[in-house]
Amino acid sequence: MSDDDDDAETAADSGRLDRTAMETIGRRAETHPLVESWRFEPDRIAPRSLVLTLDATAYPSAVDAARIDVHWFVTGDYYFHYVEERSPSRFQCRWDRHPKTDATRNHFHPPPDANGVEPSPLGDHHLDVLFSVLDWVAERVERRHDESDRPA
C-alpha cells in the first residue's frame with residue numbers, strides 16, 4: 001500500500017473536514033510574513049483542502065513556488081503538506097495526526113520526498129500546529145539562503 005492509499009483510507013476514518021478550523025488556519029496564517037494568500041480548493045462551498053501560498057520571493061531563486069496544503073478534520077486529525085517546486089523536482093514533507101499502523105498517531109514524513117515516517121512533536125491544537133509548521137518553514141527558508149550564499 002502506498003502512502004497515498006494509506007492517506008485516502010485515513011481521510012475516510014478521520015471524518016469530514018472541519019471548515020471552521022481550516023478557515024481560522026487560513027486567516028491566522030495570512031498574518032505570517034511568509035504567507036502570501038490562502039484559499040480553499042476547489043472552492044469555499046465544497047473544500048477538499050486549504051492551500052497556503054507562500055511568498056516565492058522570500059526564497060532563493062532556485063525555488064519556483066512553495067505552498068502548504070492543509071486538511072483539518074472534525075476529529076482533530078490533520079495533514080500539513082509542505083511543497084517546494086524546484087525545476088525539475090520538488091522538495092516536500094508532511095506532518096500528520098491520524099492512526100497509522102506503523103507509526104505514532106502524530107508523525108512526520110521527512111523531506112526531501114515525504115517518504116518514510118518518524119514521530120512528530122506537534123500537538124493537536126490547530127493554531128499551535130500551524131505556527132510550528134510555519135516556524136519550520138521560516139528556518140528552512142533561512143537555511144536555503146545560507147546554502148545559496150556558499151561558494152560552489
Side-chain angles (χ1 to χ4, degrees), residues 1-100 103-118 120-142 144:
M1 180 182 292
S2 73
D3 274 347
D4 289 339
D5 292 338
D6 187 36
D7 293 343
E9 278 184 28
T10 301
D13 293 342
S14 295
R16 61 184 172 77
L17 291 174
D18 185 337
R19 212 166 53 175
T20 301
M22 289 172 55
E23 186 164 344
T24 300
I25 290 167
R27 290 184 189 284
R28 291 301 305 273
E30 204 168 38
T31 67
H32 193 279
L34 283 175
V35 178
E36 190 171 87
S37 65
W38 66 276
R39 69 185 182 287
F40 285 114
E41 286 289 329
D43 59 40
R44 179 179 225 96
I45 304 296
R48 288 195 191 99
S49 67
L50 171 69
V51 178
L52 306 176
T53 302
L54 302 177
D55 180 4
T57 64
Y59 287 81
S61 61
V63 175
D64 301 320
R67 70 176 193 278
I68 302 170
D69 300 325
V70 178
H71 299 88
W72 195 278
F73 298 93
V74 294
T75 59
D77 289 348
Y78 60 78
Y79 303 90
F80 277 69
H81 184 195
Y82 174 72
V83 180
E84 275 178 28
E85 299 292 344
R86 307 182 292 188
S87 195
S89 65
R90 72 186 338 197
F91 174 95
Q92 60 184 330
C93 59
R94 196 175 70 234
W95 295 263
D96 295 354
R97 182 176 195 268
H98 63 83
K100 187 167 178 66
T104 59
R105 181 175 185 85
N106 291 16
H107 55 275
F108 178 64
H109 297 274
D113 53 12
N115 283 332
V117 65
E118 55 192 53
S120 168
L122 300 187
D124 58 4
H125 188 277
H126 56 288
L127 295 179
D128 290 341
V129 173
L130 167 67
F131 286 108
S132 293
V133 169
L134 289 172
D135 287 347
W136 183 94
V137 171
E139 290 172 14
R140 164 84 183 147
V141 171
E142 189 174 314
R144 293 283 304 174

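Donor-acceptor pairing under 3.5 Å is lacking for the side chains of His81 and Arg94. Checking His98 against His107 by side-chain atom types alone, a donor-acceptor pair falls below 3.5 Å. With no hydrogens or angles considered, a side-chain donor-acceptor pair links Arg39 and Thr53 at under 3.5 Å. Side-chain atoms of His109 and Asp96 form a donor-acceptor pair, as typed in the model, at a separation below 3.5 Å.
Ring geometry for Phe108 versus Trp95: interplanar angle of 30 to 60°, hence tilted.
Here salt bridge (Lys or Arg N to Asp or Glu O under 4.0 Å) pairs that include residues 44-58, with residues two or more places apart or in two chains, are Glu23-Arg44.
With values rounded to the nearest 0.5 angstrom, Ile68 atom CD1 is found 9.5 Å from Leu50 atom CG. In this structure, CZ in Arg67 is found 14.0 Å from CD in Glu36, a value given to the nearest 0.5 Å.
Side-chain contact check for Gln92 versus Pro112: every heavy-atom pair is 4.5 Å or farther apart.
Scanning all heavy atoms of the two residues, the minimum distance from Trp136 to Cys93 falls at CH2-SG, 3.6 Å. Across all their heavy atoms, Ala29 and Leu130 have their closest contact at N-CD2, 3.7 Å.
Results of the side-chain contact (heavy atoms from CB on, under 4.5 Å) test with Leu54 over Val83, Val141, Val137 single out Val137 as the only residue that passes.
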Full working for side-chain contact (heavy atoms from CB on, under 4.5 Å) between Val74 and Leu17:
CA-CA 6 Å; Val74 294; Leu17 291 174; over 6 Å; no

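A donor-acceptor pair is defined here as one N or O able to donate and one able to accept, closer than 3.5 Å; no such pair exists between the side chain of Asp18 and the backbone of Trp72. With hydrogens and angles ignored, the 3.5 Å screen pairs a side-chain donor or acceptor of Arg19 with a backbone N or O of Ile45.
The pair Arg140-Glu142 does not meet the salt-bridge criterion, since no charged nitrogen lies less than 4.0 angstrom from a carboxylate oxygen. A salt bridge is absent between Asp113 and Arg90; no separation between the charged side-chain nitrogens and carboxylate oxygens falls under 4.0 Å.
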